[in-house]
Number of protein chains: 4
Amino acid sequence: MLPESNEDWIEQLLKLSDEEPKMTEKQTKILHAAIEIFAEKGYAAASTSEIAQKAGVAEGTIFRHYKTKKDLLLSIVLPIMAKLVAPFVLRNFTPVLEAKYTRYEDFLRSLIRNRLEFARQHLPMIKILMQEIPFHPDLQEQFKTEVMNEVLTRIKKVIVFFQQEGQIIPLPAATVVRLTASVIIGFLITRFLLVPEQEWDEEEEAETCIRFIMHGLATR
Amino acid sequence: MLPESNEDWIEQLLKLSDEEPKMTEKQTKILHAAIEIFAEKGYAAASTSEIAQKAGVAEGTIFRHYKTKKDLLLSIVLPIMAKLVAPFVLRNFTPVLEAKYTRYEDFLRSLIRNRLEFARQHLPMIKILMQEIPFHPDLQEQFKTEVMNEVLTRIKKVIVFFQQEGQIIPLPAATVVRLTASVIIGFLITRFLLVPEQEWDEEEEAETCIRFIMHGLATR
Amino acid sequence: MLPESNEDWIEQLLKLSDEEPKMTEKQTKILHAAIEIFAEKGYAAASTSEIAQKAGVAEGTIFRHYKTKKDLLLSIVLPIMAKLVAPFVLRNFTPVLEAKYTRYEDFLRSLIRNRLEFARQHLPMIKILMQEIPFHPDLQEQFKTEVMNEVLTRIKKVIVFFQQEGQIIPLPAATVVRLTASVIIGFLITRFLLVPEQEWDEEEEAETCIRFIMHGLATR
Amino acid sequence: MLPESNEDWIEQLLKLSDEEPKMTEKQTKILHAAIEIFAEKGYAAASTSEIAQKAGVAEGTIFRHYKTKKDLLLSIVLPIMAKLVAPFVLRNFTPVLEAKYTRYEDFLRSLIRNRLEFARQHLPMIKILMQEIPFHPDLQEQFKTEVMNEVLTRIKKVIVFFQQEGQIIPLPAATVVRLTASVIIGFLITRFLLVPEQEWDEEEEAETCIRFIMHGLATR
DNA sequence: GATGAATGAGCATTCATTCAT
DNA sequence: AATGAATGAATGCTCATTCAT
């Protein structure tokens, strides 16, 4: 479980998540079909006619709702990008953190659990996002601006805070972020992409990650 | 520099690397053009006519050397996959290791340096491999067999060896591999894909990674 | 100004012109939008959705009033064709003429002025008519029947009348009509299509046309 | 027959006319099919698949030779526009004229005969040119530049020359051109488009046109 | 009457692949 | 070995038209 005190921003995250409630039923079906097919064969190799078929609509119907195929991609990928950064960008992120988590370890625990849940719920969309970012400069731009700048600067503040507290080693904040993120993302990728079929004791593995990071970053 | 003692398998790696010495000049140009364009726009979005144009050959010439477009992809991606696993698969890998590296830390250092060099030399092909694996079951199969099975079992043996020596914590070998790989791959991705334009003190960053891993895995 | 004596058939023309007084406001807007867009891009290249948009109605509304796109075209083009021939077809045309215009020159003057006004008022519809006639056999048929037969035979009678009077040269009536029409239509096209932006002294140019025709047709 | 002295620029015109001798046989067939179909149904209403079918080639073949459908149109329409103005633009036009034709009437006779032949040979392409100019700003631009500017200024010089000789009435040159052109073009349109099926005594009609123009423009 | 979502045939264009030269 | 013209299936997208609301 996440600490109760954390619930407020999860709540906010969830609020963000029920996208476009005014979508017609056909539109929803198109979106779902597109997610499935884009995730399976990639954007470029997916054909709109296949999407239409899987969605059970006429091909023209896709283009009534999404001006172009690219538009359809963006309507999948932009919201997921927003949700990806949401937890870090909510305006009360830093103060809340500093007050709430007296230990880096608690911060990590909350983060991992939250991202595990996020990945479980949105796996296909995340796959699409990761696959397509390299080929779409506009997505890259958005990603760099929102993630690199917004998220990184906020997290770095948190890192510095814990460094000042003497909890973690005084490496450059960017390095600390990279090391931490590598371990967590490496876990998520292994869990959901590389070996998804295996039975995972997620609690146990999460704790192992945390301990590894904490010892790795401990002040000597 | 890599320690001299390591040179023998690097030598072997290099032997593997001058692939198909019997390639005509046009074929080489086709291959180079394909690598560039596949890396830039992805396999599915790349057109053979664009490749032909960039290679300065006629469209038909591509299909004289590579039966299909997929064939052209494989001729890029299979060799790079072979080279990716080469250092671990050379038949003398484990014994050599156990004798040579008395410390996990030295093993890591050698590994990181070697992979840095590998990534620097073959970045576009590695990009292509990573991008296309999810969409080609045959590549996945090959990857699982060669990397997951061959490489992992060998590395796990090394891990167990160092665990028995008491140098690293007695976690499941798979977990140790994952943690170690996450940090190293996370470094490589950040170095070459996320922030390639930045000036990197690779020696320094590599040592930071090593220290992080060593502390993270240290017996308590 | 047109000579008063001419007013009666102008009056009749005007009666014809307030077409379909029972049109709803939306229908009027559709018609206007269609005229504008057909004239601008041609019938085939105009899309009903663009017309709907410009008219400010829903796509379906067009088809409530006009069964097909072709229907919409006809509802523009047929009335303008009727008005085009109206002055010549009014049943009292010939007798009136013979009585009224004692000189061919007066007939021409009245004709030019009237057609100038007609072109000024209905330019876009005339453009559409001219553009589409070659591609619609039904329009051609209508045009040949109404214009070639009806109008030509009546005008020829007038010509013969003036030839018998010795005012104009005894060429075949068809030739006289062609020469006269060429000059007048050539003027109208230059005035409204080729060089519409120029300041035109229409009175002066009309008189020049008349003098040219009269000298050209004068009995030697 | 055209006066021998005129043969040199006709010769030049014909030289211009054997367009692109390096066309493959399929390309020729595509071009001919396109001319036929564009003339019959108009550019916008013609489909490339219909053209391909009539040409007896695969649809893709069209696009190997002409990047776009518009390209195909231009490859028909630009050469015909060039040929349309060729007789007037040949660099020796004015001097030759002034020396050769001592009477406006002879100039007209030569012009009419030449344009009759031109229309007879290239009727479908001329139809296409006339139909499409209103809808393609780039064609309009080209037309205005080449025809309006180049041709008109040259012809005006000729007109002024004959006016100074006292052969024709001192109206504005533009007006003289318009009157003359109206009569000739009116004849051509009637001959080839309105009543092509009729037996025409072209010599006789041409002389009638010339006499009409000469009397119309005679100094009083 | 008016709407606008839905349709599916049709469009221009691209593409991997073939083959005669 | 190399070419490049030719292919025809497939693609993303548009369009006139229908119909339930």
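Predicted, not measured: the structure shown is a model, and the values here were computed from it. Per chain, numbering begins at 1; letters A, B, ... match sequence-line order.
Atom OH of B:Y66 and atom P of E:dT18 are 17 Å apart (whole Å). To the nearest angstrom, P of F:dA10 lies 12 Å from NZ of A:K41. When rounded to the nearest whole Å, the span between CD of B:E25 and C1' of F:dA1 equals 13 Å. The CD1-P distance, from B:I30 to F:dA1, rounds to 11 Å in whole Å. Computed from coordinates, the B:I62 CD1 to F:dG4 P distance equals 13 Å when rounded to whole Å. E:dT3 atom P lies 14 Å from atom CZ of A:R64, rounded to whole Å. Computed from coordinates, the C:I51 CD1 to E:dT3 P distance equals 16 Å when rounded to whole Å. As rounded to whole Å, 15 Å separates atom P of F:dA10 from atom NZ of B:K69.
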Intermediate values then yes/no, side chain to side chain contact (heavy atoms under 4.5 Å, CB included), A:M81 and A:F143: CA-CA 8 Å; A:M81 203 151 91; A:F143 190 77; 3.7 Å; yes
Between A:E59 and A:T48, does the side chain to side chain donor-acceptor pair (under 3.5 Å) criterion hold? Intermediate values first, please. CA-CA 7 Å; A:E59 200 165 353; A:T48 51; 2.9 Å; yes
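The phosphate of E:dT3 (OP1 or OP2) has a side-chain N or O of C:K26 nearer than 4.0 angstrom. Contact annotation: C:T24 reaches the phosphate of E:dA2 (side-chain N/O to OP1 or OP2, under 4.0 Å). For the pair C:T48 and F:dA16, the criterion of a side-chain N or O lying under 4.0 Å from OP1 or OP2 is met. Within the structure, a side-chain polar atom (N or O) of C:H65 is placed less than 4.0 Å from OP1 or OP2 of E:dA2. Side-chain N/O atoms of D:K70 include none lying less than 4.0 angstrom from OP1 or OP2 on E:dA12.
The partner of E:dC15 is F:dG8, by the rule that a Watson-Crick or G-U pair needs both atom distances under 3.5 Å. Pairing for F:dA1 is absent, judged as Watson-Crick or G-U wobble with the two contacts each under 3.5 Å.
A salt bridge is defined here as a Lys NZ or Arg NE, NH1 or NH2 lying under 4.0 Å from an Asp or Glu carboxylate O, and A:K54 with A:E50 fails to meet this definition.
Mapped onto DNA chain F by nearest heavy atom, B:E59 and C:A46 fall at different nucleotides, with B:E59 at the one closer to the 5' end. Each of A:A58 and B:K67 has a nearest nucleotide on DNA chain E; the 5'-most of these lies closest to A:A58. Between D:S49 and C:V57, it is C:V57 whose nearest contact on DNA chain E lies nearer the 5' terminus. Heavy-atom nearest nucleotides on DNA chain F were determined for D:T61 and for A:F63, and the one closer to the 5' end corresponds to D:T61.
Within a 6.0 Å sphere centred on NZ of C:K67, heavy atoms belonging to other residues, nucleotides or ligands number 12 at most.
Taking the side chain as every heavy atom from C-beta outward, B:L84 and B:I126 never approach each other to under 4.5 Å.
No engagement by B:A52 is indicated, since no non-hydrogen atom pair under 4.0 Å with the nucleic acid exists.
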